[in-house]
Every structure is written in structure tokens, then in C-alpha cells.
Amino acid sequence: MSNAPDFSISAAVERAFAEHPIVDIHTHLYPLQMGALSLWGPDELITYHYLKAEASRQLPPDISVAQFNAMPKPEQADVVWKTLFVGDSSPISEAQLGVITVMNALGIVPRPNGLADFRAYCADVKPEAFVDLIFEKSGVGKVYMTNDPLDDAERPLWEKGFDLDPRFGAVLRLDSALVGWPGPVAKLQALGYNVENALSEKTVSEMRRYLNDWCDRIGARYMAISLPPNFTYPGEDPVSQLMAKAVWPTAQDRNIPSAMMVGVKRGVNPVLRDGGDGMGVWDLANLENIARDFPGVNFLITILSRENQHGLCVVARKFPNILPFGCWWFLNDPSIIQEITAERLELLGASFIPQHSDARILDQLLYKWTHSVRTISPVFVRKYEDLAHAGWPLTEDDIKRDIAKMFGGGKLLSD
Ligand code: FIX
Ligand code: ZN
């Protein structure tokens, strides 16, 4: 290799990750100050909707999904544990491996009494100490939440006010305020926003007031929405209209990004509840239209279908206001993460955010990032070897800078 660096590239990549606290730009995590919204521990971890969906394929014949759903959470955890971790096959799915990684990182031996030992461990630990331990061991410095003022459990917390743990950043989530219009009208009116069923000027200005008020109140770093694969722009449907007339103009005024998570089909199998969502392929011509029509808005874009990933890189090459991020949900699997990260590096260089965790339970930070860093590092090592081979006098500082930029929130969310 010409210009071979006088240091080990893989060791340098490992050090770069170890030295730079990760900014996790999309999670469903909440600090302890937010009470019941803050999920942690074995019963939450093992009833994660990914695992419930996997367990629903192998439930014992005497337990229907409906019966499972009616069980209290600890009982559900017992069933999932028996079905997936003590069953007739090894726990080798990504979500199953995740539970083992968490237990191992906490010094809990998964077999034979993993669940009981995990419960005993958490019964002894102080919640604050557990939060500190998870952040420290996962290498995460900050997570961005998913905040919904129309959520009756969350809104009163913000109205009452609390000292937000600085490791948690706020994000205004818009699904409940826009999707299924005019469904959200009554709730918005109850909060004092005089929107109407019709997408009138009044509705648009009141929606903008709602967005600005709540971005101010929670200190939102960006606004986010998930969208179905048939989302169109320009479009006549209310979500497309409200995004164009209220959300993107507000994002531009506030100079905060608009995040769009596209391709989810909610409730394809409703009996699985939050584990029942599916996906579809999105026509990226819609994204080209959005980026072209709103050059003053920065778009954080993640798309659920594997088929859209290459196209997303190409659209991002055409429009600097498109910032691809993460390997979302059904793409958050090592084989696909490597594929997506490699083509993004080849087509976008270091101008994207490779990953987010989408963690719902605090413990998950331990495995989502351990797995992602272990999966993504070889992709970076290969790329740096290519760079050195091409003749670039690579330094360790180059690698540290790149990793800090890409996993530190990128140009839009780095502190
Ligand atoms: O829309 C979203 O933010 C999705 O991430 C969630 O709805 C989904 O349930 C999830 O947890 C994916 O990992
Ligand atoms: Zn999410």
C-alpha cells in the first residue's frame, strides 16, 4: 500500500469512536424526570415491539396474540423470554442478540436464569445510577427524544415544567397533529388553537402558532414526522398541504431542520399493536420536489425501504439541503447497515449521519450502539485503506475528525 500510514487504521477508528461521545439524533427515550415515559429494565426490554413481533411467530399453541396482549407486562416478558430465549432455537435475531449484549454488558449471565437475574439486578440499582451507567457504557453523550404535546401523558410535564437532563434533547413530533386530518382538530382546539377541518388560512396560521409555541416551550432542536410510502408533494392531501404551508415555512423561520421518516405503513397487522407496522417504497421524485421548492429548509431524511437507499444518496447529491440519516427500523441490521453505509460513503463522502438508535428503552443504547459501531467500523476501515492506497497521507486526526462529525450530530445537530 503506497503511503501506508504508520498507525493501525482499525485501531484508530476504534479510538475515534471511544473518544467521541455519540449524538443519537432519533430515539423514543425520556429522562427520569419524565416519570412513566422513561422506560428501562428487563420487562420493558424484553417486551420491545420488535421482540413481540418475533415472539408472535412462535407463541405456544395455548397462547393467542390477543391473550398475550391482555397479559400484564411482566407476564408478557415471561412469555417472550420463554419463547425466544429458552425456546427451541438460539436467540440469533438482531433484536434477540441485543438483549444478550445488554445483559452481558451489565454482567448478567443470560443462561439459565437470565430474566430472573436481570430483574434482581434492576431491583437493586438506583435509577439515576443506571442512567449514568448506560450513557457511560454505550459511549452516547446525548440523545434526541420524540416529544408530542398532544400526548396526554407528556404534555402536562412540559406545562408544569421540569429540569431537563442535558443528555436529552427535545424534538417536536408532528404525527398526531397532522396525520389523519381532520382527526387532530378537536385536540388542537382543546389546546386553544382555532384550526378548522378545512385547510383554510386560519388553520394554517393556527397550526404555525401551535408549532412555534411548542418549539419554544420544549426547546425543539428540530421537528419530525413519519410518513407513509404514498406520501406525495406537491399533494392535495392535508398532510402534504400542512407540511408545505405550515411546517416547512416554520422550520425555515426558526432555522431548524425538518426531519421526515418515510415509508411506514401503520398497522398492517393491528393485533400486533406497535409491532404491527409495515413498510413500502417511496417515489423519490417527491423528495426532489420538496428539496427544490424549499431550498431554505434543511431536511433530515431517513427512509424505511432498502430499495430507496441508493436513490436517497443520489437525491442528496443533487440537493445540499437533504441530509440522509440512520438505518431506520427494519434496516437496522448489520448486513444492511454495512451496505447502506458503504454506498453512502462512496456517494456522499462524510456528509451524512450514518446511524441513530431509535431506542425506546434506555438499556437499548447499550446494544444499538455497540452493534452499530462494531458493524460500521470495518466499512470505515476499508474506506480509509482505499484512501491511503490512493496515496492520501492519512493521519489519525483525519479519522477522529470524520467520526466526530458524522456521529456527533453532523452539521445540523452538533452542539
Ligand atoms: O416513527 C418512528 O419514530 C418509528 O421509529 C417508530 O414508530 C417505530 O415503532 C420504532 O420504534 C422503530 O424502531
Ligand atoms: Zn422512531
Side-chain angles (χ1 to χ4, degrees), residues 5-27 29 31 98 101-102 105 130-145 164-171 221-222 257 259 298 300 302 316 323-328 332 334 337-338 340-342 344-346 348-359 362-388 392-415:
D6 57 3
F7 60 89
S8 150
I9 291 177
S10 59
V13 168
E14 200 177 321
R15 277 192 294 274
F17 276 113
E19 287 169 16
H20 189 82
I22 288 167
V23 173
D24 190 346
I25 75 161
H26 173 63
T27 77
L29 297 175
T101 298
V102 169
F130 190 78
V131 174
D132 294 347
L133 181 74
I134 297 296
F135 273 95
E136 189 224 314
K137 276 186 175 283
S138 63
V140 173
K142 183 160 194 158
V143 299
Y144 281 93
M145 303 181 280
L164 178 61
D165 180 331
R167 294 169 293 190
F168 293 77
V171 169
R221 196 61 192 273
Y222 65 87
N298 282 307
L300 286 164
T302 198
L323 180 62
F325 78 93
C327 302
W328 185 26
N332 202 352
I337 294 170
Q338 291 206 332
I340 292 174
T341 307
R344 285 176 173 172
L345 282 171
E346 289 152 7
L348 301 172
S351 65
F352 66 98
I353 296 177
Q355 187 59 302
H356 69 278
S357 73
D358 232 314
L362 199 75
D363 319 37
Q364 291 176 328
L365 288 179
L366 271 179
Y367 89 80
K368 299 261 188 179
W369 284 105
T370 309
H371 289 191
S372 285
V373 169
R374 206 173 88 216
T375 298
I376 287 173
S377 293
V379 180
F380 276 82
V381 169
R382 268 196 305 280
K383 207 34 65 188
Y384 286 122
E385 284 170 351
D386 291 350
L387 184 57
W392 179 263
L394 182 70
T395 68
E396 177 149 358
D397 286 348
D398 291 338
I399 296 176
K400 283 188 180 145
R401 177 205 51 215
D402 297 346
I403 298 291
K405 174 185 174 191
M406 298 173 85
F407 292 87
K411 68 177 182 180
L412 297 177
L413 298 174
S414 52
D415 279 345

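Predicted model only: the values in this text are computed from it and were never measured. Starting from 1, each residue takes its place in the sequence as its number.
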Please examine the side chains of [Y] and [X], heavy atoms only from C-beta on, and report whether any two atoms are closer than 4.5 Å.
X      : Y      : answer
Thr101 : Leu366 : no
Leu300 : Leu413 : yes
Asn298 : Leu323 : no
Asp24  : Leu29  : no
Pro324 : Leu348 : yes
Phe135 : Val143 : yes
Pro31  : Met145 : yes

Review point. Do any N or O atoms from the side chain of Gln338 and from the backbone of Thr375 form a donor-acceptor pair under 3.5 angstrom?
Key: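 Checked: pair present.
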Exercise for review: Would you please test Asp402 and Lys405 for salt bridge (charged side-chain N to carboxylate O under 4.0 Å, His left out) and show each step?
Suggested key: CA-CA 5 Å; Asp402 297 346; Lys405 174 185 174 191; over 6 Å; no
Between [X] and [Y], which heavy-atom pair has the shortest distance, and what is it?
X      : Y      : value
Tyr222 : Pro257 : CB-O, 3.3 Å
Thr341 : Phe352 : O-CZ, 4.1 Å
Met406 : Ala350 : CG-O, 3.5 Å
Gly409 : Ile25  : CA-CG2, 4.2 Å

Check your understanding: Of Val381, Val13, Leu387, which is the lone residue that meets side-chain contact (heavy atoms from CB on, under 4.5 Å) with Ile399?
Key ->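 Of the listed options, the one satisfying the test is Val13.
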**Study point:** Pair Gln355, Asn332: side-chain N/O donor-acceptor within cut-off below 3.5 Å
**Key:**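 Short answer, yes.
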Practice item. Examine the side chains of Thr302 and His356 and answer whether a donor and an acceptor come within less than 3.5 Å of each other. Key: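 Thr302 vs His356: no donor-acceptor pair found between side chains.
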Review point. Got more than 12 heavy atoms from elsewhere within 6.0 Å of NZ, Lys400?
Key: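 More than 12 heavy atoms, drawn from other residues, nucleotides or ligands, come within 6.0 Å of this atom.
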Check your understanding: Take atom CD in Glu14; do more than 12 heavy atoms of anything else shown fall under 6.0 Å from it?
Key ->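 Open.
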Check your understanding: Are any of the side-chain nitrogens in Asp132 or Arg167 under 4.0 Å away from the carboxylate oxygens of its partner?
Key ->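 Between Arg167 and Asp132 there is a salt bridge, with a charged N closer than 4.0 Å to a carboxylate O.
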Check your understanding: If you measure from the Lys or Arg side-chain nitrogens to the Asp or Glu carboxylate oxygens, is any gap between Asp398 and Arg401 under 4.0 Å?
Key ->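 A salt bridge is present here (some side-chain N lies under 4.0 Å from a carboxylate O).
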Point to revise | Aromatic plane relationship, Phe407 with Trp369 - under 30° parallel, 30 to 60° tilted, over 60° perpendicular | key: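 Because their plane-to-plane angle is over 60°, the rings of Trp369 and Phe407 count as perpendicular.
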